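These notes concern the structure reproduced below.
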Amino acid sequence: MAEVKVPELAESISEGSIAQWLKQPGDHVEKGEYVLELETDKVNVEIISDYTGTLSEHLAEEGDTVQVGQAIAIVDENGSAAAAPKAEAPKVEEAKAEPAKAEQAAPAKEAPKAEAKEASSTQQVIASPAARKLAREKGIDLTQVPVADPLGRVRVQDVEAASNAPAAPAAAPKQAPVAKKAAAPVEVNDDRIEVVKMTRRRQTIAKRLVQVQSEAAMLTTFNEVDLSAVMELRSRHKDSFVKTNDVKLGFMSFFTKAVIGALKKYPLLNAEIQGDHILKKNFYDIGVAVSTDEGLVVPVVRDADRKSFAEIEKNISDLAVKARNNKLGLSDLSGGTFTITNGGTFGSLLSTPILNAPQVGILGMHTIKTRPIAVGDQIENRPMMYLALSYDHRIVDGKEAVGFLVAIKDMLEDPEQLLLQG
């Protein structure tokens with residue numbers, strides 16, 4: 001018998017909920033074939049079997065919460081033989097001999113299982129690859145390493161400190177992770193009320209939105225931008241742009257380039273707080289919020305400062321399609337140094353976006369409205385958009401936040417600057 005286990009998914013993911021079993025007990029499975037769909041905080045992941053045989057048992061049910069490294073199904077690698085009709089009854093002597101053989105083999109099998117349990121508990125710890133490597137070299141159990149990081153991540157210096165600390169008394173062996181059963185449904189004595197359980201992703205979104213508002217000193221500042229020049233530029237080049245690049249020239253590439261130019265002027269908005277330290281990031285991975293039926297997700301455009309307008313538009317378009325088809329991978333969502341969200345696609349005139357932790361800045365775009373604007377001594381109708389910047393006041397001061405928005409406004413009203421600064 002072989003166990004199908006929850007694989008290590010990403011540093012920030014230690015558990016998930018079983019959304020759907022794709023294989024039922026008695027079904028034949030091939031090595032590399034999908035057996036279930038696992039819903040995590042970020043994406044749904046299809047888990048494969050590492051063995052060929054017959055799926056003999058589910059160790060967790062749909063809706064249960066399972067840990068990384070936990071066994072969730074049993075595959076009988078001799079399943080084809082076991083499934084065949086039994087032939088003649090074996091001789092009495094042979095039948096008696098088989099249990100004795102099984103008893104002799106049992107102790108030998110238990111040792112690898114114990115090692116697997118220890119490995120799975122270590123995999124659940126959130127640690128950097130360097131920290132894991134050092135822990136393996138020094139023979140240190142990551143679950144026993146004291147952590148200074150407020151987010152619970154084990155770093156190299158934590159492992160080094162643990163290796164120099166005096167040996168602690170041996171801890172009692174840990175039990176293997178057990179699937180948490182889904183909570184009982186809420187009972188309502190009113191047939192006019194429909195009770196719908198929140199998906200795991202919606203629960204995570206709710207938890208993180210409340211968490212960021214309680215931890216960050218979040219403020220929002222506003223400005224408005226005249227998009228006449230951008231719209232005129234798009235109008236002149238849209239046909240040739242599509243013909244050359246096979247993608248439409250949208251607004252997002254302009255805003256992404258403007259954000260990058262502003263981040264270079266005000267680098268603290270591209271930073272992260274970790275404990276009492278500021279992590280200044282000298283790269284520009286821009287998250288773009290995408291609304292899906294399952295909730296809001298923020299896939300990331302990597303190294304956006306090195307991409308052309310066409311590459312940014314293609315990247316965003318591909319990520320949006322993957323998001324709406326529930327095909328985003330963990331690599332599409334991890335990281336990100338700054339986020340752009342566009343409520344204008346739904347008609348929002350003005351909003352105060354919430355930070356996407358651990359980032360310290362998020363830009364809110366809104367719908368474009370033609371409004372009378374004073375241009376010199378004249379009143380002209382111009383396509384105007386309100387911009388909102390929410391930021392973490394713990395490291396970003398009002399002067400920098402306002403300057404950041406003004407820089408974006410200036411670049412969008414004079415798009416030639418984007419070629420120089422974005």
Side-chain angles (χ1 to χ4, degrees), residues 216-231 233-234 249-273 278-289 298-309 311-313 315-316 335-344 350-366 368 383-422:
M218 191 167 65
L219 291 178
T220 305
T221 186
F222 304 92
N223 211 318
E224 62 180 353
V225 57
D226 180 354
L227 291 173
S228 299
V230 169
M231 295 180 78
L233 186 63
R234 288 180 67 233
L249 178 60
F251 286 103
M252 286 305 301
S253 54
F254 287 92
F255 276 85
T256 301
K257 287 287 187 181
V259 162
I260 294 167
L263 288 174
K264 290 179 178 179
K265 287 185 176 181
Y266 301 94
L268 283 177
L269 279 151
N270 201 49
E272 174 186 336
I273 299 174
I278 297 173
L279 306 183
K280 289 186 175 182
K281 300 174 182 178
N282 299 315
F283 56 95
Y284 304 91
D285 289 352
I286 307 300
V288 179
V298 187
V300 179
V301 178
R302 306 285 176 191
D303 296 318
D305 58 316
R306 302 180 183 180
K307 288 182 165 66
S308 65
F309 279 75
E311 289 172 327
I312 291 173
E313 291 290 354
N315 206 166
I316 292 175
T337 62
F338 188 91
T339 295
I340 303 174
T341 181
N342 185 7
L350 194 61
S351 67
T352 55
I354 298 177
L355 291 174
N356 180 23
Q359 298 169 19
V360 298
I362 179 171
L363 177 71
M365 298 167 56
H366 300 93
I368 300 171
M384 305 297 295
M385 177 191 286
Y386 287 117
L387 301 178
L389 172 71
S390 292
Y391 60 99
D392 193 336
H393 206 357
R394 289 180 295 171
I395 63 170
V396 179
D397 292 329
K399 178 182 177 182
E400 294 169 308
V402 171
F404 179 88
L405 268 190
V406 170
I408 290 177
K409 170 185 171 69
D410 290 344
M411 282 183 275
L412 291 173
E413 292 182 344
D414 182 11
E416 289 181 2
Q417 292 188 47
L418 298 177
L419 300 175
L420 304 174
Q421 301 185 51

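Owing to the predicted nature of the structure, the values given are computational and were not obtained by experimental measurement.
Here the closest non-hydrogen pair linking Pro415 and Leu233 is CB-CD2, 3.9 Å. Across all their heavy atoms, Lys265 and Ala407 have their closest contact at CD-CB, 4.3 Å. Residue Pro383 comes nearest to Ile368 through the heavy atom pair CB-CG2, 3.7 Å, listed as atom of the first residue, atom of the second, then distance. Here the closest heavy-atom approach between residue Thr256 and residue Ala304 is recorded as CG2-CB, 4.1 Å.
Once rounded to the nearest 0.5 Å, the distance linking OG1 of Thr352 with CZ of Phe222 reads 6.0 Å. For the atom pair Ile362 CD1 and Thr339 OG1, the distance stands at 5.0 Å (nearest 0.5 Å). Annotation: the span from Met365 atom CE to Thr341 atom OG1 amounts to 9.0 Å, rounded to 0.5 Å. One distance of note links CD1 of Ile316 with OG of Ser253; it measures 7.0 Å at 0.5 Å rounding. From Tyr266, atom OH reaches atom CD1 of Ile408 across 10.5 Å, with rounding to the nearest 0.5 Å. To the nearest 0.5 Å, atoms CG (Leu418) and CG (Leu412) are separated by 6.0 Å.
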* To do: Give the C-alpha distance, both sets of side-chain angles, the deciding distance and a yes or no for side chain to side chain contact (heavy atoms under 4.5 Å, CB included) between Phe251 and Met385.
  => CA-CA 12 Å; Phe251 286 103; Met385 177 191 286; 5.9 Å; no

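For Glu413, the salt bridge (Lys or Arg N to Asp or Glu O under 4.0 Å) partners at least two apart in sequence or on another chain are Lys409. The salt bridge (Lys or Arg N to Asp or Glu O under 4.0 Å) search around Glu224 returns Arg371, not counting sequence neighbours. With sequence neighbours left out, Asp285 forms a side-chain contact (heavy atoms from CB on, under 4.5 Å) with Phe283, Val300, Arg302, Asp303, Thr337. The side chain to side chain donor-acceptor pair (under 3.5 Å) test applied to Ser228 returns Asp226, not counting sequence neighbours. Listed by chain and residue number, Glu272 satisfy the salt bridge (Lys or Arg N to Asp or Glu O under 4.0 Å) test with Lys281 (two or more places apart in sequence, or in another chain). Taking the side chain to side chain donor-acceptor pair (under 3.5 Å) definition, one finds that Ser390 meets it with Thr220, sequence neighbours left out. Residues that satisfy the side-chain contact (heavy atoms from CB on, under 4.5 Å) test with Ala217, not counting sequence neighbours, are Asp392, His393, Arg394. Residues passing the ring pair (Phe, Tyr, Trp, His ring centres under 6.0 Å) test with Phe309, sequence neighbours excluded: Phe254.
The shortest side-chain heavy-atom distance between Tyr391 and Leu268 does not fall under the 4.5 Å cut-off. Between Leu363 and Leu405 there is a side-chain heavy-atom pair separated by less than 4.5 Å. Put simply, the side chain of Tyr284 does not reach to within 4.5 Å of the side chain of Arg306, judged on heavy atoms. Side-chain contact between Asp414 and Asp410 is absent, with no heavy atoms from C-beta onward closer than 4.5 Å.
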Throw together a table of side-chain donor-acceptor distances under 3.5 angstrom for residues 397-404, partners on residues two or more places apart or in other chains.
from	atom 1	to	atom 2	distance (Å)
Glu400	OE1	Asp397	N	3.0

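Exactly one residue among Ile286, Ile312, Ile340 makes a side chain to side chain contact (heavy atoms under 4.5 Å, CB included) with Met252. That residue is Ile340.
A donor-acceptor contact shorter than 3.5 Å links the side chain of His366 to the backbone of Tyr386.
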